[in-house]
2 protein chains.
Amino acid sequence: MTDARIPVRSRPAIQARGEDTRRRILETALDLFAAHGYEGASTRQIAEGAGVNLPAIQYYFGNKEGLYRAIIEGIAADTDRHMASLAPRVRAALDAPDTPREELAALLCEMLETFVVLVTSGTQIESRRLIFARAEIEETPGLDVLHENGMRQIFNPCLGLLSRLHGKPATDQEMAVRTLALIGQVVIFCNNHKQPVLAGSGLDAESVRLMKVVVREHTDAICRAAVATSAK
Amino acid sequence: MTDARIPVRSRPAIQARGEDTRRRILETALDLFAAHGYEGASTRQIAEGAGVNLPAIQYYFGNKEGLYRAIIEGIAADTDRHMASLAPRVRAALDAPDTPREELAALLCEMLETFVVLVTSGTQIESRRLIFARAEIEETPGLDVLHENGMRQIFNPCLGLLSRLHGKPATDQEMAVRTLALIGQVVIFCNNHKQPVLAGSGLDAESVRLMKVVVREHTDAICRAAVATSAK
DNA sequence: GACATAGTATATCAGTCGATATAGTCGTCG
DNA sequence: CGACGACTATATCGACTGATATACTATGTC
């Protein structure tokens, strides 16, 4: 309704003091939203955790929803940045009519491996994973943005590659199901917030290495089977 | 704290009237908890949706947490029932030291296919899937029960089968990662609450058939690769 | 040094939450 | 019939929510 009075950066000078508290609010809010959900995390908790007073949230982000959207947009932007180098290569391979199947399969493997890196590295990755997982089940402001972003950056490229491997149109429902199953191998690693099956609480380097190896091997095996089937 | 005054069924007779409202509360609460989460769904919404008054929830389930636990336990019990026929066969195959690899692979495929059926059939399956997905990211009363149930019924059997296929101990972290990736293929179908990639909103018979076929083919391809690697 | 602006702090609003005290209705059995 | 227990309805409690009005401090410009 009101476009709020989000501070205009007319004075490009010293107000970096506010920039710092703004960042602190975002970090605290990310952790709390991830842990308790949009409705479960209160603005008072966030303000206290960030060491600021309550109206600061209103001051910097308009309202609770604005704060949430700011977090979502940050994650979406990071995803774009992370996929920036791979996306054009996939697009080029899909645009060319005669890309060999080995290259398509290799790109699909690389795609999923890059996805693994996305959900296992970066700052506050534990909370980002949870936000990412929530995007699939919760219906909160801005999460549709994140969902749409994942579709564009992850799902659609994988769908395109896999469809070409099978020699079927990407509009086939079967292709969507196959793509979802493929991606699910990685997405599940977003969920294990306290999974006892993975040593310790956080993801150590060894776990990440294993995840990449496993996802690559699985995807490779699935691609081989796909090519063998579509060739016969 | 208080063991509440949950009605004793001393009179086995006519109070089936209350049994009906109890069921209605459970059904409404399942939908609302699935849609808005434990903290997001209010007891007032639930009572209104079920067509009962607010204290009815306290009367039948002690408090909000009791209502939630009742739902979780119902889902866990259904899972047990659904896996009842397959579990002993898997156990027998794992106990026998000389079970052929083809049979282990076949059991693993059947395991995952049964899992697909579990998350795609039954009453209020849409909401049950969301509750299932929430169990992995939310930290609410009783969800540890559901999580432990999934570990026992799904994860551990798959881990055992896959470890034998690879000829490695089930305690290897690599085996846990491989099992998670396998299961993730199915779990992701719990998330697509409004996925545009699957036609329509609900899951039609065709989608379910495709999911079973795809999961079986993928698992089969992964098993072949596993056997080939461990044999060399 | 005075003024404007960025940013912070206190106090409080109305609304909603889960829970419960209290009173009432209904069928069943002695 | 009349009392008892299963069940339902009204009203309200204290706590907490998001939001905001208001006043304050600090900083840079003129």
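Naming convention: chains lettered A, B, ... in sequence-line order (proteins, then strands); numbering from 1 in each chain.
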Salt bridge (charged side-chain N to carboxylate O under 4.0 Å, His left out) partners of residues 60-78 of chain B, not counting sequence neighbours, each pair once: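 Residue pairs with at least one partner in residues 60-78 of chain B: Glu65(B)-Arg69(B), Asp78(B)-Arg81(B), Asp78(B)-Arg128(B).
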If only side-chain N and O atoms of Tyr60(A) are considered, is one of them under 4.0 Å from the OP1 or OP2 phosphate oxygen of dA6(C)?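 Indeed not, no polar side-chain atom of Tyr60(A) lies that close.
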Output the rounded distance in Å from [atom1] ([X]) to [atom2] ([N]).
| X | N | atom1 | atom2 | result |
| --- | --- | --- | --- | --- |
| Tyr59(A) | dT5(C) | OH | P | 12 Å |
| Asp20(B) | dT8(D) | CG | C1' | 14 Å |
| Ile25(A) | dT8(C) | CD1 | C1' | 11 Å |
| Asn53(A) | dT12(C) | CG | P | 16 Å |
| Phe61(A) | dT20(D) | CZ | C1' | 18 Å |

Readout for nucleotides 13-19 of chain C: B = base within 4.0 Å of protein heavy atom, S = sugar-phosphate only, - = neither; 5' to 3' it is ----BBB
Quick one: does Tyr38(A)'s side chain get under 4.5 Å of Pro141(A)'s, heavy atoms only?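 Heavy-atom side-chain distance check passes, below 4.5 Å.
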Can you sort out the partners of Arg178(A) under side chain to side chain donor-acceptor pair (under 3.5 Å), two or more places apart, ordered by chain and number?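 Listed in chain order: His166(A), Glu174(A), Glu217(B).
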State which residues pass side chain to side chain donor-acceptor pair (under 3.5 Å) with Glu206(A); sequence neighbours excluded, sorted by chain then number.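 By the side chain to side chain donor-acceptor pair (under 3.5 Å) rule, Glu206(A) matches Arg209(A).
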Show me the side-chain donor-acceptor pairs of residues 83-91 of chain B shorter than 3.5 Å, one per line, residues at least two apart or across chains.
| from | atom 1 | to | atom 2 | distance (Å) |
| --- | --- | --- | --- | --- |
| Arg89(B) | NH1 | Glu110(B) | OE2 | 2.9 |
| Arg89(B) | NH2 | Glu110(B) | OE1 | 3.1 |

Can I get a per-line list of side-chain donor-acceptor pairs under 3.5 Å for residues 29-37 of chain A, giving both atom names and the distance, sequence neighbours left out?
| from | atom 1 | to | atom 2 | distance (Å) |
| --- | --- | --- | --- | --- |
| Asp31(A) | OD1 | Gln124(A) | NE2 | 3.2 |
| Asp31(A) | OD1 | Ser127(A) | OG | 2.5 |
| Asp31(A) | OD2 | Gln124(A) | NE2 | 3.4 |

